[in-house]
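Just so it is clear, the structure is predicted and the values come from calculations on it, not from any experiment. Whatever order the structure lists ligands and atoms in, that order sets their numbers, starting from 1.
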Amino acid sequence: MVSKNKYLRELPKVDEVLDLPDVRLLAGAYPRSMVVDGIRHVIDNRRSVILSLQEKDLVSIELSMQALIEELEGWLKEQYASSLRRVINATGVVIHTNLGRSILSKSAIDAVVMAASNYSNLEFDLDRGARGSRHSHIESILTKITGAEAGMVVNNNASAVFLALSTLAAGKEAIVSRGQLVEIGGSFRIPDVMRQSGAILREVGTTNKTYIADYRAAVTENTALLMKVHTSNFRIIGFTHEASLEEMVNLSWELGIPIMEDLGSGVLIDLSRYGVAYEPTVHESVHAGVDVITFSGDKLLGGPQAGLVVGKAEFINQMKKHPLARAVRVDKMTLAALEATLREYLDMEAVHHKNPTIRMITTPADKLKKRADKIAKMLVKSLEDGFVVTTEPEVSRVGGGSLPLAELATTVISVRTKSATANALEEALRRNDPPVIVRIKEDAVLLDPRTIQDGEEKEIVEAFEKVKRELKG
Ligand SMILES: *Cc1c(COP(=O)(O)O)cnc(C)c1O
C-alpha cells in the first residue's frame, strides 16, 4: 500500500505549475497574482483530499497535472465571472421583479450606450450655451404623451411617492382609504413611506368600503393632501366600494386641497385593446385632473427602473426644488433609456412591436402555441428516451404586482423524467450557464415561450442535453 506521505510529497510546487505551458497561457489571460493564488488554492485542495481519505482509497483519486490545470482554469473563471448574469426567463412572468423586471427596446439600449460612451447635453442648454436641466429631456415628451402640464423623473416609483409626500404633506395630514394601505413587494408599505416623509396618515373608511363622504368627514384645517393608491398587487372583491377618482378630484377642488395618485404600474396604452385585462391608464388620471400622479418606469411602461411624476406644474415645480429631489435623481443612462422608451409611445400603433414588455404581454395565443410546438419538437429530437416532453394550455402572468388577476392564455412545454424529480430538474436548469429559470407543476417543469427570447431556444435544448448527461453520469 502507498503511504499518504508519498502522495503529499508528490504534490507539485507552485513555481513548477506556473512553468507549465498551459498555465503560462492562463497567466496571459488572467493577472499573474491571481493565477498564483489559484495554483495555491488547487494544491491546497488536493492536500485536503489526500488527508481526508483512507490510505486504501488514495489510488482512486485523480492526481494528474491535466486535472489540476482544469481545476485551476475553472477556479479562475469563477473568480472572474460577473455576479450579475444573463438568465433565460422561461417562467412566462413578463415583469419578473427577481429577474430584472422589464428588458429594454433596441432604441433604448442604443440610447444607453450613447449616453454611457460620450459626453452629452445632460445639463447643458445647447441653444443658450448655459446650464440646463436634466428634467428637460424627459419633460417635453412625457407631457406630450400623457397630456399633463408638467413632469419629472426620479429613481423609482417608491422615491416618487416619497418625494411627493415630503413636498406636499410633511407635517400635515394626508387622507388615505384603509382599503389602499397596501404593501408592494420588497417592503414598500404606504403607511411606512408616509411616516418617513413626515406626512401624518389619516385613515378613512374600512378595508372593503370607503365613500367620498368618509374623506370629507376627515378633513381638518391641517389636511394637506388627498391620496389615492392603486392597489396593484391585490384586489378586494365582493361587497366593496371605493370613492371614484372623479369624486376625489371634485372634493379636492371644492376644498382647495391637492390630490395625488400612486398609480403603481402606470400603463400608457389601453391593454384591453389586445384582450388583456383593463388597467387604469396615466391619461385617464391626467384627464380626471389629478394634481400629482406617480408610476414606475420598469413595470407596464417597459423601460428602465425609474419613477415618473406627471401633473400640475405648480406642484411638480415644488417637487423639483425640494432638497430630496437631488437625493433621488436619475443618472444619464436611465434618462437616455427612458426618453427612447417614451419616444416609442408617440406611435401607439407600433409600441407593441417595439417595446419588449408590451410585445410579450400582447403576444397572441396562437403564436405562442406555434413556438411551444417548435421548442417541444426540438427537445423531443435531442433528448429522445428517458424524457417526456409535451405541450399543454396554461396561463402566463404579467408580474411585477401588475394586473394580478390577468390570466394570459399561453401554451407551455412540459418536461418530466423518471431519473429526476421536478425540483431536481429545476435546480439543474438553474445551475446551467446561462441559467434557465422555469416553473414547476406537479412532477414536471414548465417552460413558457412568452418570455423566451428569440435565439434562446437552442440554449434551452443544450441545457436539457447537459442535464441529461449529468443524470446519466
Ligand atoms: C410597484 C409599486 C410601487 C413601487 O414602485 P417601484 O418602481 O418598484 O419603486 C409603489 N406603489 C405602487 C402602487 C406600486 O404598484
Side-chain angles (χ1 to χ4, degrees), residues 93-104 138 142 151-166 168-169 174 176-197 199 201 210 225-236 242 245 248 259-268 271 277-282 284-285 290 292-311 319 324-325 327-331 333-335 337-338 341-342 357 361 397-406:
V93 180
V94 180
I95 307 172
H96 200 306
T97 297
N98 299 154
L99 304 184
R101 286 200 183 157
S102 287
I103 55 179
L104 298 179
I138 293 292
L142 195 52
M152 72 182 290
V153 183
V154 294
N155 200 34
N156 54 16
N157 186 31
S159 48
V161 173
F162 187 51
L163 177 62
L165 287 168
S166 305
L168 302 173
V176 190
S177 159
R178 288 202 165 87
Q180 295 170 6
L181 292 174
V182 292
E183 172 178 317
I184 312 289
S187 71
F188 174 87
R189 292 174 150 198
I190 294 290
D192 295 349
V193 174
M194 294 188 88
R195 198 171 308 114
Q196 279 297 324
S197 73
L201 170 61
T210 302
L225 187 69
L226 304 181
M227 184 180 186
K228 185 174 168 71
V229 181
H230 184 43
T231 58
S232 296
N233 55 1
F234 93 118
R235 293 286 181 271
I236 300 176
E242 233 184 32
L245 199 56
M248 289 186 67
I259 171 167
M260 79 166 274
E261 184 179 25
D262 173 9
L263 256 186
S265 279
V267 66
L268 291 177
L271 286 174
Y278 164 80
E279 169 84 5
T281 65
V282 178
E284 287 168 57
S285 297
V290 178
V292 173
I293 302 153
T294 73
F295 54 100
S296 283
D298 56 354
K299 289 186 181 171
L300 286 171
L301 193 72
Q305 178 190 304
L308 287 82
V309 188
V310 295
M319 288 172 66
L324 258 181
V328 295
R329 82 175 184 186
V330 288
D331 81 312
M333 289 186 277
T334 303
L335 276 178
L338 190 59
T341 304
L342 288 171
T357 300
I361 291 172
R397 300 273 171 199
V398 174
S402 312
L403 296 162
L405 300 185

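Annotation for V182 and P191: closest pair O-CD, 4.3 Å, computed over non-hydrogen atoms. Between A306 and V153, the shortest heavy-atom distance links the atoms CB-CG1, 3.9 Å. Counting all heavy atoms, side chain and backbone alike, L403 lies closest to A277 at CD2-O, 3.6 Å. The two atoms that bring V330 and V154 nearest to each other are CG1-O, 3.0 Å, heavy atoms only. When all heavy atoms of Q180 and K228 are compared, the pair lying nearest together is OE1-CA, 3.5 Å.
Enumerated by chain and number, the residues approaching ligand 1 to less than 4.0 Å through a heavy atom are R101, N156, N157, A158, I184, F188, H230, S232, D262, G264, S296, K299.
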Could you please spell out the steps behind the side chain to side chain contact (heavy atoms under 4.5 Å, CB included) verdict for L245 and S285?
CA-CA 8 Å; L245 199 56; S285 297; 3.8 Å; yes
